[in-house]
Structures are given as C-alpha cells and as structure tokens.
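Notes to accompany the following structure.
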Number of protein chains: 2
Amino acid sequence: MITMGDVARIAGVSASTVSHVLNGTRKVDTVTRQRVEAAIEETGYRRNVVARSLAAGRTHTVGLSISALTNPYFGSLVHAVEQALSDAGYVLIVGDSHDHVESEKRVTDSLLDRQVDGMIVAPAAGSERLTLPEITRTGTPLVLIDRGVDIGCDQVGPENFSSARALTKHLLDRGHRRIGVVRGLAGISSTTERFDGYCAALTGRGIAVEDTLVLDGESSTDVAEREVHALMSGENRPTALVSLNNAMTIGTLKAVRGLGLSIPSDVAFVCYDDFEWADLFEPRLTAAAQDVETIGTTAVELLLRRMRGDDGAPHQIRVPTTFHHRNSCGCT
Amino acid sequence: MITMGDVARIAGVSASTVSHVLNGTRKVDTVTRQRVEAAIEETGYRRNVVARSLAAGRTHTVGLSISALTNPYFGSLVHAVEQALSDAGYVLIVGDSHDHVESEKRVTDSLLDRQVDGMIVAPAAGSERLTLPEITRTGTPLVLIDRGVDIGCDQVGPENFSSARALTKHLLDRGHRRIGVVRGLAGISSTTERFDGYCAALTGRGIAVEDTLVLDGESSTDVAEREVHALMSGENRPTALVSLNNAMTIGTLKAVRGLGLSIPSDVAFVCYDDFEWADLFEPRLTAAAQDVETIGTTAVELLLRRMRGDDGAPHQIRVPTTFHHRNSCGCT
DNA sequence: CTGAAAGCGCTAACAA
DNA sequence: TTGTTAGCGCTTTCAG
C-alpha cells in the first residue's frame, strides 16, 4: 500500500505538506503543490480514510437504522437520505432492524462502534428503553425518523393524525357509517396517531368506535389479509375500509379480491400511504401520500446542524401528506 | 471517550489483555477476564472500530454501488446483501451511482478510500473503462452484480437471454406476429441479452425483427411511456408488446392505459421482471421474475470467498428466472 | 498466562 | 511557506 509518506518522499516534501495539499488545510506554494500532485498521480496514491478518521476524530460517516429495507417506502427514504448526505460529503451506513429492538440494538451498536458522526433511526417498538439511551449516552447526534418517541431529540415524520382523520371523514361524507380500519404494527407512534385520527373522525360525527371493526395487521400483509378476510366474510360487514399503511393495504386488497368483492361497489376503500404505481392498480386508490423525499432531506438537515454543534431545543417536524383523490372511495 | 487503556487501568491489567478478552484471541485466566469484563461494564466502554481497523488492516466493511436505490428491485437486492453480510459479521456501505459512470466513480472511490474489505458493484454503462480497473488495481475483492461486463471477475446476475426468448415465444405461440419490444438502458448487458432473446424468438420462427417495433425506453418510465404511446397510436400497431424491465413495464402500462386500450384484448403484454404486488395490477401480468434474494446472497458468498483469499478462476453465475403465467398475455 | 512496545497512516499543534 | 513531532486507540509480535 502506498502511504502519504511514500508520496512525500517522492515529492521531496514532508508528510504534513502532502496532507495539507490533500485537504486544502493550509496554503501551499504552487510549485510544491504541483510536485505533490505529480507524485500522487505517479504513485496512484489513495488516502486512507480509516487512518484519517482516527487521527482527526471524525469519520464523515452517518448511520441509518431502518426497519424494513424491502418496503419501497423505506427504499425511497434511504435514497433521499443517501443523496442529501453525499451532497454534504458524508457516506451512509445502513442497517436493517427488521422492526425488532434486539436487532436494532445490534445495528446501532455496530454503528456506534464504527464511530459514526451522527445517526438516523426509524425506531422499532421498545427502542426508547434499549437502544436510544445508549446512543444518547455516547453523545452521538441523533435524529428520529418516520416514527416519534417520547424522548427529547430531533424527530421528523409524516403527519398522521389529521391525514387519517381526513381519509375517514371522506368516507363518512359519502354516507358510510360502518367503517372498518386496518392498523399497522402496535406500539409505534404512527400506528397510534393514525388510529386516533380514525377515531376522531367517527366520534366527531357521533359514531362510536366499534371494536369488531378494528383490525390489527401487525406489520404483515399476510396477517392483514387474514383479518380482513375474516371481517369481510362475516355477518354485518362494514361498507367501507380504511387501511393505515401500505403493507396493510396490500393485505386488504388481496383479501377483498380473494372474496370476489369489488371496490368500491361492494366496499369503499381509502388508505394511508400511496404507491408509486398507484395508477396501475385496479381500482385506483384514494390515498394520503407521504412526502418521503422531504422527510429524508429534513432529517439530514437536522442531523447536520447537530453535528455542527447546535444544541438548541429539539425539533419535531411533521411533513404534511397529500390527498390523492382517486376512485376506490366510490367517487368518480 | 473511554479507551482500552482506561479499562486496562481499572482492571489492573495491560491494554493487550483487554484486547484479547474482547477478541478472544488468546487464553486469559478466568479471574482476569472477569476483572476486565467488570471494568468494561463499569465504564460502559465501547471498542473503537476505526482504531481497530487501522491497526488490524481490515475494516469488516463491504461497499455496494447500486444504480437506483428507488427501484424496488434494487431495494430488495440491498436487503438481501445487507442480510447476508451482517450474518457474516460485516457491515454494508451503500452508494447510489444513478446509472452514471462519473457518479459511480465517486461512489467507488469513496468506498475504496474507506478501505472496504470487498466491493459489490452493479456496473453502470462505461464502468469497465473508468471504475472497475481502479478497483482491481487496489486489489480489493470485487463481484459484479445484476449486469455483466467483459472483465475477468466474479459476476452474478439473472438469466436474461432465454427468459426474454421464452416470454416472446409465448406471444408467438398465441399467434402474434407483430410484437413490439421496449428495451431498457442501452449499453448494459442485461438490455442487450434480453433483446437478443427477443430477436432469437422471432428469427427462430422465421420472422424478421422490425426496427419500428423496437423501442428504447432508456432507464426512464417517462421515456418508455412516450415511446409506447407513439407506437401504439400510429398506424399498423403491433398486436403484442414485451417489456424488458420493470421501469419499462410501468411506462408501457401507463401509455396503454392513457390511450384507452385494454390488455390483453387490444394488445397482449408480457414482461421481464415481476412486481411484489403484481396480483393487484390490472391486468395481472405474465412475467419472468428474477430471484433477487438468490442473486444477493450468491454475490455475498462469492465475495466472502475472495476475501478469504481464494484466487481461483472467476465465476459467472446466472440465476434462473421464474415464469409467472397470468393473464396479460391473453391466456385465461 | 500476561505485559511492553512498536507500529497502522494520518492530522494538527508547534516550531522554524 | 514548510517541517518536526506527538499522538489518535487499537493489534500483535516478542519477551517473560
């Protein structure tokens, strides 16, 4: 391996000068610089970022713990984050927590061990007692993404409550009174907030929330499919359904299709989360779409600010969703 | 920051002993070990992987350069790779090349600077003259993924030629003679091979490949949509279409829908690449599905082998696709 | 079974 | 404008 020392020797300067031309950290005479550059060119020297990180005390690296890389939603998130970071000269290390605290702990520990300069976490349920305290303890700048947690740190996520309420209201406006709901994974804020939005819409019209109409799809499309299947094949089924995240939507649609029911004539449907290819689904889904791009870039902005030393009060940012009015709700 | 020295002092041993209990690299008396473990516990010590990497000469890190993180196909690939690596004790650093060599060069340079122990690359067009040689020069183990390049190194990708041929044949078997094709990005092997498969099917039946029926969607669904729109709204349009990757499929379907045509009655359709939610599309697509999981894990296997020092002849692995016979082709 | 000591390749005072 | 030097925190011979 060619080191800075080699380059220095060939250029007839000190290692420190080579370092400075490489980093532009102090003025170097044009001639000397050219000699150094020539030597670099000649040897094909590459800086060793590991050594650099150790000496400088920062790695220019940011860790991201995400809960499900296979979910296209998170795919876009990773992309947005990666983009914003690389623009700022950082690289991204990703880990998948599979929405499981133990797994998340492994991921974040490994990230911490690698001396990441900052960390973005989409917390799993239970995160606040196992992994987040440890991150805070090390003093690593942290921003939470997607889901909130009751802890004093920067957070950015989608607007949940009023978006879910708006979806539900839309169904009410169309005359539906028995509206089923399919919730996502229990124990995370987005599930709770969206469900609260659903409840608020109902009670706002003087309709009680009926337990039998509340389904838990956990995080799995399969579970959602089973639950919806059961509900929709029973007596006295609802005339409309609202799904609270994209995985639940898939499960719901499969169940409905499996029963030979059609949307919206047999049952109206609206959902939280949009799909890139929503236009190709049949029926076209009325949905509240998250602005994943903005969520990702905002998270990075907040993080960079902290990494630069800002220690003001934590920000909690909610990115609004967009209502896509298509026809699964029964409107034409 | 608490260092190994601190732990050593508290435990009343040398740093070297602490290192050995941490890594299990030599026998340590039970009592001493316990003292060390107590000190670690007490101080909340975390190993510094950066220092460790510098001293040991390896980072336990693998780089992945991917062409489009937003494409769900690559999302699953990243997931499979991350999983396999983390099982083997490595962490993944991802970079997005946006299917552009210059961008790819930046990504891989940064990965190389960070001393990754190995690298997985989904090469962009032009990779073989700009970025791959540099990787090879540094001696970093490399495996190519998704697309092949004419260079002597490990590669793993989907089967392209005969899968595309089979799709096209299926259309021919149903009596179609004028079959349009929508190609992906020019200059990458998967595009070429799949197109060759299409041609082989036609010429195998004595049908000439007609230029006007060959569309280039580049990498963009928008371009694909425009091209298909033009073709299908012209005179003498084909009776069937084959799309050669998922982005092209989206574009094609949008164009067809936009024209008010229906599949398969107005035009039959088959595609390379499946969608996770293919069942919810209307019509349900007849497709050749890649086994992304296997591609990812195989790539990691090959890489780990190289990283362990194997320097046998390069492997070129083709993972077969699965033919999903649904009804966009016109079969019931 | 354990410790001392020499680096890994680089950065950043401090001097000159 | 440049060089010298002392680390960064760890691994790993080599002795004991």
Side-chain angles (χ1 to χ4, degrees), chain A residues 1-40 43-61 89 110 112-117 138-140, chain B residues 1-40 43-61 89 110 112-117 138-140:
Chain A
M1 167 184 266
I2 296 138
T3 73
M4 224 157 101
D6 299 332
V7 174
R9 202 166 21 71
I10 291 174
V13 299
S14 75
S16 137
T17 296
V18 176
S19 169
H20 284 115
V21 338
L22 239 33
N23 301 308
T25 29
R26 81 178 175 195
K27 200 171 300 156
V28 173
D29 187 88
T30 320
V31 180
T32 349
R33 188 190 4 271
Q34 285 169 347
R35 281 221 311 283
V36 171
E37 279 161 355
I40 289 175
T43 54
Y45 167 77
R46 310 196 66 90
R47 61 162 37 145
N48 182 330
V49 172
V50 174
R52 176 173 142 94
S53 299
L54 180 60
R58 6 186 289 138
T59 55
H60 284 275
T61 286
S110 150
L112 254 15
D113 287 353
R114 293 192 130 75
Q115 311 293 115
V116 292
D117 293 338
T138 65
T140 310
Chain B
M1 168 184 262
I2 296 139
T3 72
M4 224 157 99
D6 299 331
V7 175
R9 202 165 23 70
I10 291 175
V13 299
S14 73
S16 135
T17 296
V18 176
S19 169
H20 284 115
V21 338
L22 240 31
N23 301 307
T25 30
R26 82 178 174 196
K27 199 171 301 155
V28 174
D29 186 88
T30 319
V31 179
T32 350
R33 177 175 31 258
Q34 285 169 347
R35 280 221 311 282
V36 171
E37 279 161 355
I40 289 176
T43 54
Y45 167 77
R46 310 194 65 90
R47 59 161 39 142
N48 182 328
V49 172
V50 173
R52 178 175 142 93
S53 298
L54 179 60
R58 8 186 288 139
T59 57
H60 285 276
T61 286
S110 150
L112 254 16
D113 286 353
R114 292 193 131 74
Q115 313 291 115
V116 293
D117 293 339
T138 65
T140 309

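Everything quoted here is computed from the prediction, not taken from an experiment. Naming convention: chains lettered A, B, ... in sequence-line order (proteins, then strands); numbering from 1 in each chain.
- Remark: P of C/dC14 and NE2 of A/H20 are 13 Å apart, rounded to the nearest angstrom.
- With respect to A/Y45, the side chain to side chain contact (heavy atoms under 4.5 Å, CB included) criterion is satisfied by exactly one of A/I2, A/I10, A/D6: A/I2.
- Counting distance only, with no hydrogens placed and no angle test, the side-chain atoms of A/R26 and the base atoms of D/dT1 include no donor-acceptor pair under 3.5 Å.
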Practice item. Show your reasoning for whether salt bridge (charged side-chain N to carboxylate O under 4.0 Å, His left out) applies to A/R46 and B/D113. Key: CA-CA 6 Å; A/R46 310 196 66 90; B/D113 286 353; 3.2 Å; yes

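- Straight-line distance from the NE2 atom of A/H60 to the C1' atom of C/dT11: 12 Å, rounded to whole Å.
- Axis angle across the helix from C/dC1-D/dG16 to C/dA16-D/dT1, with five pairs used at each end and values rounded to 10°: 30°.
- Side-chain N/O atoms of A/R9 and base N/O atoms of D/dG3 include no donor-acceptor pair closer than 3.5 Å.
- Using a 4.0 Å heavy-atom cutoff across all strands shown, B/T32 reaches sugar-phosphate atoms only and no base atom.
- Contact between the side-chain N/O atoms of B/S16 and the OP1/OP2 oxygens of C/dT2 is not found at any separation under 4.0 Å.
- Remark: side-chain polar atoms of B/D29 are paired, donor with acceptor, to backbone N or O of B/V31 under 3.5 angstrom.
- When the C1' atom of C/dC10 is taken as reference, atom CG of A/N23 falls 9 Å away, rounded to whole Å.
- At a threshold of 4.0 angstrom between heavy atoms, the contacts of A/V13 are confined to the sugar-phosphate backbone, with no base atom among them.
- B/V50 comes within 4.0 angstrom of nothing in the nucleic acid, heavy atoms only.
- Rounded to whole angstrom, the span from the CG atom of B/L54 across to the P atom of D/dT12 amounts to 12 Å.
- The side chain of A/T17 places an N or O atom within less than 4.0 Å of a non-bridging phosphate oxygen (OP1 or OP2) of D/dG3.
- By the 4.5 Å heavy-atom criterion applied to side chains, A/T61 and B/R114 are counted as neighbours.
- A side chain to side chain contact (heavy atoms under 4.5 Å, CB included) with B/T17 holds for exactly one of B/R33, B/R35, B/R26; it is B/R26.
- Annotation: side chain of B/S53 is not in contact with side chain of B/R58 (no heavy-atom distance under 4.5 Å).
- Side-chain nitrogen and oxygen atoms of B/N48 include none within less than 4.0 Å of the OP1 or OP2 phosphate oxygen of D/dC8.
- Distance, B/D113 CG to C/dG9 P: 15 Å, rounded to whole Å.
- Using modelled atom types, one side-chain atom of B/T43 and one backbone atom of B/A39 make a donor-acceptor pair closer than 3.5 Å.
- Distance, A/L22 CG to C/dC10 C1': 10 Å, rounded to whole Å.
- Heavy atoms of A/V28 sit under 4.0 angstrom from primed sugar atoms or phosphate atoms, though from no base atom.
- In this structure, B/S14 and B/A51 both approach DNA chain C, and ranking their closest nucleotides by distance from the 5' end singles out B/S14.
- Considering all non-hydrogen atoms of both residues, B/T59 and A/V50 come closest at CG2-CG2, 3.8 Å.
- When rounded to the nearest whole Å, the span between CZ of A/R52 and C1' of D/dG9 equals 18 Å.
- Rounding to whole angstrom units, CZ of residue A/R47 and P of C/dT11 are separated by 7 Å.
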